[in-house]
Amino acid sequence: MNDFIAALPKAELHLHIEGSFEPELMFEIAQRNQIEIPYKTIDEVKKAYQFSCLQDFLDIYYAGAGVLIHEQDFYDLAMAYYQKCYENNVIHTEIMFDPQTHTERGIAFETVINGLQKARLEAKEKWGINSLFIMSYLRHLSEESAFETLKQSLPYKDLITSVGLDSSEMGNPPIKFKNVFEASVKEGYIPVAHAGEEGPTEYIWEAIDVLKVARIDHGNRCLEDENLVNEIVKRDLALTVCPLSNLELRNTDVMTNHPLKKLLDKGIKATVNSDDPAYFGGYMNANFVAVQEALNLSKEDILTLVKNSFNYSFATYEQKKIYLEKVYEVVNEFNS
Ligand SMILES: [Zn+2]
């Protein structure tokens, strides 16, 4: 089963590039940029990565992001992630980035996007990996700040496919960003949003009815509302589920209670993703393996998840066809 998972080509639809920052690289860039971090050795950084609650996670997450200054730093960060994609057989990825995490501390929008774009082109050439960018607004900040970010993004509009909504969910409902999402859609960005990870089902309703998202990030808690489940199925909306993240942030107590199988059984188009892999203990294959073992998923379930990842990506129809052919080549190999 693990060989089957590793061999299958996959798409990742929920990944924060700042969350793929491995301790070694963080330490290296901090030294290069002569930035003081509260850790003296790589081991100390690694220890800090073993947080025990959401706030500890956010502390180290923002400390890490704080060492990213130059275009080269963003390039290095993204290349390290693409290398993992290559190792995990991720051939299509939709990368979220948080401009405000950087612009709020004086880094120019163009520094961030230029570094990411350079890596994207190189990953395509080196490993044939296709990727799209999702510009995510930080929901703990104001809608006005999101509008400012939208404005900054416009010269780079052709490089960005979608807008998202992330960071602390509780107390920051989707409706807070109604206007900026409308304006973003007018600019051609496809809307997605984190909803129902920690937040209540009302937030998922708002994400689909008010922000009119094309996909729901997490969405696990939809299972608490039968009408919502039916609506998600009816509207054919996919969920980007992140098993190891759910476990690490205690949204699932043990993996054997993870809702992924229930979501599939209800007819919801769920996908598997790594979220913030450097912090949550694993990239794509590790997520698949963990949830497969805990929920005893069949090969058929794995195949469904992988097909969903391509079908509900923002790739073109032609690209999707090519991807699915590649998936079936591997399936046939394993069946013969
Ligand atoms: Zn996320």
Side-chain angles (χ1 to χ4, degrees), residues 11-21 49 51 53-62 64-65 77-78 81 84-85 90 93-102 116 131-141 146 149 160-174 177 181 190-199 203-204 207 211 213-222 237-252 258-260 263 270-284 286-288 290-291 309 312-314:
E12 175 148 55
L13 308 180
H14 184 157
L15 176 282
H16 303 270
I17 198 65
E18 293 87 353
S20 72
F21 209 177
Y49 272 45
F51 47 83
C53 68
L54 182 63
Q55 197 51 53
D56 284 357
F57 161 63
L58 290 174
D59 286 349
I60 176 77
Y61 182 85
Y62 288 114
L77 173 67
Y81 166 66
K84 297 287 187 183
C85 288
V90 172
T93 177
E94 307 194 348
I95 298 176
M96 299 176 188
F97 70 110
D98 297 338
Q100 288 151 301
T101 296
H102 314 296
L116 298 180
S131 50
L132 306 175
F133 293 157
I134 302 173
M135 175 173 78
S136 298
Y137 301 125
L138 295 179
R139 69 201 305 160
H140 66 272
L141 300 178
T149 303
I160 301 164
T161 302
S162 166
V163 287
L165 191 63
D166 61 9
S167 185
S168 335
E169 188 181 6
M170 295 305 282
N172 296 297
F177 297 90
F181 265 69
I190 303 169
V192 299
H194 285 49
E197 177 188 15
E198 289 188 329
Y203 285 16
I204 306 177
L211 304 187
V213 294
R215 225 163 45 202
I216 301 160
D217 294 316
H218 294 295
N220 300 15
R221 290 191 62 187
C222 73
L237 293 167
L239 262 55
T240 64
V241 178
C242 308
L244 288 174
S245 162
N246 295 150
L247 191 66
E248 286 296 313
L249 293 179
R250 312 287 185 272
N251 293 312
T252 294
H258 193 278
L260 183 67
L263 292 167
T271 61
V272 166
N273 307 273
S274 71
D275 206 4
D276 300 288
Y279 296 93
F280 297 151
Y283 289 80
M284 282 287 271
N287 271 275
F288 270 98
V291 83
S309 76
Y312 291 84
S313 73
F314 298 138

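This one's a predicted model, so the numbers in the text were calculated from it and none came from an experiment. Counting starts at 1 for both ligands and their atoms, in listed order.
The distance between the ring centers of F57 and Y61 falls below 6.0 angstrom.
Formation of a donor-acceptor pair under 3.5 Å by the E12 side chain with backbone atoms of S274 is found in this model.
Between F97 and F133, the ring-plane angle classifies as perpendicular under the 30° and 60° cut-offs.
Protein N/O/S atoms closer than 2.8 Å to the Zn ion (ligand 1): H14 NE2, H16 NE2, H194 NE2, D275 OD1.
Exactly one residue among Q100, H194, H140 makes a side chain to side chain donor-acceptor pair (under 3.5 Å) with S167. That residue is H140.
For the pair E248/Y279, no side-chain contact is recorded, criterion being any heavy-atom separation below 4.5 Å from C-beta on.
With F314 as the aromatic partner, R215 meets the cation-pi criteria of under 6.0 angstrom to the ring centre and within 45 degrees of the ring axis.
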